[in-house]
Structure formats: structure tokens, C-alpha cells
Amino acid sequence: MIIRPSLVLSLLIAGICTGCAGTSFIKSPGQFLTERRQKAHGQSATRILCLWEAAAGQGLDGRPSRGFAGQILFFGPRDAAPIPVHGTIRIYEYEDYHPDDPNPKPIHVFVFDDSAWNAHRAESTIGEGYNVFLPYVKRHTGPEACALKVEFESDNGRTISS
């Protein structure tokens, strides 16, 4: 009996391509996001991840300003994907920040209530996140050692910070 390689290849491909569709490990992005939203609904955040970079935007006085563009992500206790949050957000801006200072004084505190904060919410392939621009409130031309701290207070009064 002679076995042709093309026949073996055809049978192999047919075997791989057939089977139960419900056992597929590959999910469409829409299905993945829908499942993440359903799991995230009602969960409380326990961790914050902040990604900041220098940027230019509109200052508090309406004029162009340098500042910080940030993507802020909140995670539940056992979640690998970020979740949406509801509550009050405070972002503290520090100037001349030194990590060894036990009690640094912020130069400004940005406060967002729930509706204002959720206006910054954006959906991505990994989950829900928040994109913000914070102007640097001081008018300096040279470099500065700045720091930002995000604090989230949930509707039930629980507080976490970055």
C-alpha cells in the first residue's frame, strides 16, 4: 500500500478543522470584552495602576500648559483585566518631590466626582481605563521633580491609593 503525502496532509487538516466549536480556546475580542464587563460589574477595586507621561494641554486658566497625560487602571482582588469604578477620585500633584519625605505637601489636588471621572472612561482591548490630562499648576520653564498620587474613595467609603 502506497501512502501519498498529500492524502496524509489532507486528512490532518480535516481533523484539525473539524470538531466541536464550543471547545475553542480562541475568543473574539467582542466576546472577551462582554465577559470581562459581566465579571467586573459590582466588583470593588483593590489596586491602581497609573501610567504617566509628560504632555501639553489646557491649563486651569484655559491657556496652553505643560502637564501630565495619564492612563489610570483599577483592578479587583483577583482580576487581570481593569474594571470600571464608581466613587470620588483625588489626584495629588507634588513639586520638588523627594521619596524620603514622610509627609509631602501637594501643590494642588484635582477632585473628580463619579460623573466627572466616568466621563474620562475608555474601553480598550484589555478592559476599562481612564485617560486624563493634568496641567502642571506652577509656571516654571525648567525641569522639576514632580510626583502624582491617585486616591480612589468608593461609594461605600473604602479608600485605596496608588
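- Note that OH of Tyr92 and CG of Leu148 are 12.5 Å apart. Values are rounded to the nearest 0.5 Å.
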| task | Output, in order, the C-alpha distance, side-chain angles, deciding distance and verdict of side-chain hydrogen bond (donor to acceptor under 3.5 Å, both in side chains) for Gln71 and Tyr130. | result | CA-CA 6 Å; Gln71 183 176 25; Tyr130 298 85; over 6 Å; no

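- Looking only at distances, no side-chain donor or acceptor of Asn118 sits under 3.5 Å from a matching main-chain atom of Pro84.
- Of the possible polar contacts, none joining the Arg47 side chain to the Leu73 backbone as a donor-acceptor pair under 3.5 Å is found.
- The cluster map of Ile, Leu, Val, Met, Phe, Trp and Tyr, joined by side-chain heavy atoms under 4.5 Å apart, puts Val109 and Trp52 in different clusters.
- A heavy-atom distance below 4.5 Å is found between the side chains of Val132 and Ile72.
- The minimum heavy-atom distance linking Val111 with Thr88 is given by the pair CG1-CG2, 4.1 Å.
- In this structure, His108 has its ring center no closer than 6.0 Å to that of Tyr136.
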| side-chain contact (heavy atoms from CB on, under 4.5 Å) between Ile48 and Ile160, intermediate numbers included | CA-CA 8 Å; Ile48 304 173; Ile160 59 171; 3.7 Å; yes

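- Among all heavy-atom pairs drawn from Arg158 and Ala45, the shortest one is NH1-O, 3.1 Å.
- Between Ile89 and Glu151 the shortest side-chain heavy-atom distance does not fall below 4.5 Å.
- The shortest heavy-atom contact between Cys146 and Phe68 is CB-CZ, 3.8 Å.
- Under the 4.5 Å side-chain contact rule for hydrophobic residues, Tyr94 and Leu134 do not share a cluster.
- A donor-acceptor pair is defined here as one N or O able to donate and one able to accept, closer than 3.5 Å; such a pair exists between the side chain of Ser162 and the backbone of Val150.
- Nearest heavy atoms, Ala81 versus Ile126: CB-O, 3.2 Å.
- Under the salt bridge (Lys or Arg N to Asp or Glu O under 4.0 Å) criterion, Asp61 pairs with Arg139, not counting sequence neighbours.
- Of all heavy-atom pairs spanning Ala147 and Tyr97, the tightest one is CB-CG, 3.4 Å.
- Phe152 has its ring centre less than 6.0 Å from the ring centre of Phe74.
- The salt bridge (charged side-chain N to carboxylate O under 4.0 Å, His left out) analysis of residues 101-115, with sequence neighbours excluded, yields no pairs.
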| request: In sequence, state the C-alpha distance, the side-chain angles, and the governing distance for Gln58 and Arg63, and then conclude on side-chain contact (heavy atoms from CB on, under 4.5 Å). | output: CA-CA 6 Å; Gln58 184 176 351; Arg63 297 175 55 201; over 6 Å; no

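- One finds the CZ atom of Phe110 at 8.5 Å from the CZ atom of Phe133 (value rounded to the nearest 0.5 Å).
- The distance from the CD atom of Glu128 to the CZ atom of Arg121 is 4.5 Å, given to the nearest 0.5 Å.
- The heavy-atom pair separating Ser44 from Pro77 by the smallest distance is O-CD, 3.7 Å.
- Every residue meeting the side chain to side chain donor-acceptor pair (under 3.5 Å) condition with Glu153, not counting sequence neighbours, appears here in chain and number order: Arg90.
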